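Some notes on the structure that comes next.
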Amino acid sequence: MSLAKIPEVYVVSDSLGETAESVAKATISQFDEDIDIIRVPFIRHAEQIQKVIDEAASHNAVVCHTLVSRELRETFEKIADAKSVRYVDILGPMMDTVGTITTTKPRMKPGIIHKLDEEYFKKVEAIEFAVKYDDGKNPAGFAKADVVLLGVSRTSKTPLSMYMAHKKFKVANLPLVPEVPLPEEIFHVPPYRLIGLIIDPYKLNTIRSERMKALGFSGAANYTDIARIEDELSYAKEVMRQLHCLVLDVSNKAIEETASRIMAIVQKNKETYGDKY
């Protein structure tokens, strides 16, 4: 017995093909069956188009494309029509229609949306910052951070730092451990640039236990002991009180929710303190 062939959608672009792939995925999600996506980026020549169309024809596939170049689009249509391959031009009709209400002509340059610009470099810089100043590795970063997160282990300090870095916020974080002295640098950070993270002890116990299992450890450990956890949290709350920082409870919060709250706080503080921030 032969198995039914999985339908295929070819995604063709003269850039990365991310836009066309997003449209293809959104479309496929409406169908209750498996459909494969084959992405073919950086199309530059008629020969490449011919190869894709030949392959799509042999697989009885559908093709969608975001070819910006009018020449490539016309070549694509000619070859696809000759092979009776079904296709969707995602950008062409939209550009033509928008062109009817504008006084300028489209640039006709592929990949403009992905060009490296100032915002891109800000994001890269923030990501590098988060990695460099993660987990209190280099306290010198506290003075340069938009915000410093403090909390005991497994309160989402690193995930929050990385998530916010992708939003171009420079975030450093410091783990609070009773046996480890606080770095002197933390006391020189203004309270409005410090945010403490607390969590329900039993929730933290569950998170840490799952982490230990994922690492292959079993049995009781000081790391997951509820009495130890309560001691750590008491210590953390006392440190946060001494530093006069804002405290957020992350017990039942998604990373995105907590990050949005912190970013809103940072933005508001930047407006309030201006050059002092």
Side-chain angles (χ1 to χ4, degrees), residues 18 22 111-178 180-200 203-204 207 232-277:
E18 292 180 345
S22 295
I112 289 178
I113 194 171
H114 300 291
K115 295 297 183 183
L116 302 183
D117 56 18
E118 185 178 353
E119 293 302 305
Y120 174 85
F121 286 115
K122 283 182 180 178
K123 180 167 74 172
V124 171
E125 184 180 4
I127 293 172
E128 291 176 345
F129 186 94
V131 172
K132 184 175 182 179
Y133 299 113
D134 181 45
D135 220 21
K137 288 183 292 191
N138 189 346
F142 297 161
K144 308 171 188 175
D146 291 320
V147 63
V148 181
L149 306 179
L150 305 95
V152 301
S153 174
R154 312 311 295 177
T155 48
S156 301
K157 297 184 299 299
T158 296
L160 282 168
S161 297
M162 294 307 301
Y163 182 92
M164 292 174 62
H166 280 83
K167 303 294 183 180
K168 300 183 287 292
F169 287 83
K170 292 182 179 180
V171 186
N173 68 75
L174 175 66
L176 299 179
V177 183
V180 179
L182 293 171
E184 181 63 30
E185 289 86 347
I186 198 67
F187 294 99
H188 299 293
V189 180
Y192 52 78
R193 286 204 283 118
L194 297 173
I195 291 184
L197 305 175
I198 60 169
I199 189 171
D200 176 80
K203 177 74 173 180
L204 183 56
I207 293 172
E232 286 185 43
L233 290 170
S234 294
Y235 167 74
K237 290 176 183 177
E238 176 58 24
V239 169
M240 295 170 195
R241 186 191 66 79
Q242 291 177 17
L243 295 172
H244 306 288
C245 65
L246 179 67
V247 178
L248 299 180
D249 190 330
V250 299
S251 299
N252 297 299
K253 301 290 193 301
I255 295 296
E256 296 83 357
E257 184 180 355
T258 303
S260 294
R261 175 82 188 282
I262 295 172
M263 289 187 290
I265 292 168
V266 172
Q267 292 285 50
K268 183 178 179 180
N269 285 340
K270 284 186 175 181
E271 294 171 4
T272 300
Y273 296 98
D275 294 338
K276 293 182 180 179
Y277 194 86

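These figures come from a predicted structure and were not determined experimentally.
- Here the side chain of Asn173 pairs no donor or acceptor atom with the backbone of Asp134 at under 3.5 angstrom.
- The shortest non-hydrogen separation linking Tyr235 to Val180 is OH-O, 3.9 Å.
- At least one side-chain heavy atom of Arg261 sits under 4.5 Å from a side-chain heavy atom of Leu248.
- Side-chain contact between Leu243 and Leu150 is present, with at least one heavy-atom pair separated by less than 4.5 Å.
- Atom CG of Leu194 and atom CG of Leu149 lie 9.5 Å apart (nearest 0.5 Å).
- The line from NZ of Lys144 to CG of Asn138 is 7.0 Å long, rounded to the nearest 0.5 Å.
- In this structure, the ring of Tyr192 has its center less than 6.0 angstrom from the ring center of Tyr277.
- Between Ser251 and Lys203, the closest heavy-atom pair is O-CE, 3.1 Å.
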Trace of the side chain to side chain contact (heavy atoms under 4.5 Å, CB included) decision for Val247 with Lys237: CA-CA 9 Å; Val247 178; Lys237 290 176 183 177; over 6 Å; no
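- In this structure, the side chains of Val147 and Asn269 stay at 4.5 Å or more apart for every pair of heavy atoms.
- Scanning all heavy atoms of the two residues, the minimum distance from Glu238 to Arg241 falls at OE2-NH2, 2.6 Å.
- Residues Ala140 and Tyr133 come closest through the heavy atom pair C-CE2, 4.4 Å.
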Side chain to side chain contact (heavy atoms under 4.5 Å, CB included) assessment of Val250 paired with Glu257: CA-CA 9 Å; Val250 299; Glu257 184 180 355; over 6 Å; no
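- Residues Val177 and Glu232 have side chains not in contact (no heavy-atom distance under 4.5 Å, counting atoms from C-beta outward).
- A salt bridge links Lys170 to Glu125: one of the charged nitrogens lies within less than 4.0 Å of a carboxylate oxygen.
- In this structure a side-chain-to-backbone donor-acceptor pair under 3.5 Å is missing from Ser161 to Ala172.
- Put simply, the side chain of Pro190 does not reach to within 4.5 Å of the side chain of Tyr273, judged on heavy atoms.
- Arg193 places no side-chain N or O within 3.5 Å of a backbone atom of Val148 that could act as its donor or acceptor partner.
- Taking all atoms of both residues into account, the shortest heavy-atom contact from Pro175 to Gly136 is CD-N, 3.8 Å.
- Separating the NZ atom in Lys157 from the CG atom in Leu176 is a distance of 7.0 Å, to the nearest 0.5 Å.
- With rounding to the nearest 0.5 angstrom, the CD1 atom of Ile265 is 11.0 Å from the CE atom of Met263.
- Minimum interatomic distance between Cys245 and Gly196 (heavy atoms only, all atoms of both residues): SG-N, 3.8 Å.
- Formation of a donor-acceptor pair under 3.5 Å by the Thr155 side chain with backbone atoms of Val152 is found in this model.
- Side chain of His244 to main chain of Met240: no donor-acceptor pair is present (N/O by atom type, distance under 3.5 Å, no hydrogens or angles).
- Using a 4.5 Å heavy-atom cutoff, the side chains of Val239 and Leu182 are in contact.
- Between Phe169 atom CZ and Lys123 atom NZ the span is 13.5 Å, to the nearest 0.5 Å.
- Val171 is not listed as a side-chain neighbour of Asp146, based on a closest heavy-atom distance of 4.5 Å or more.
- Counting heavy atoms from C-beta outward, Lys168 and Phe121 have side chains that stay 4.5 Å or more apart.
- Looking only at distances, no side-chain donor or acceptor of Asp135 sits under 3.5 Å from a matching main-chain atom of Lys137.
- A distance of 12.0 Å separates NZ in Lys253 from CG in Leu160, rounded to the nearest 0.5 Å.
- Using a 4.0 Å cut-off between charged nitrogen and carboxylate oxygen, Glu271 and Lys268 do not count as a salt-bridge pair.
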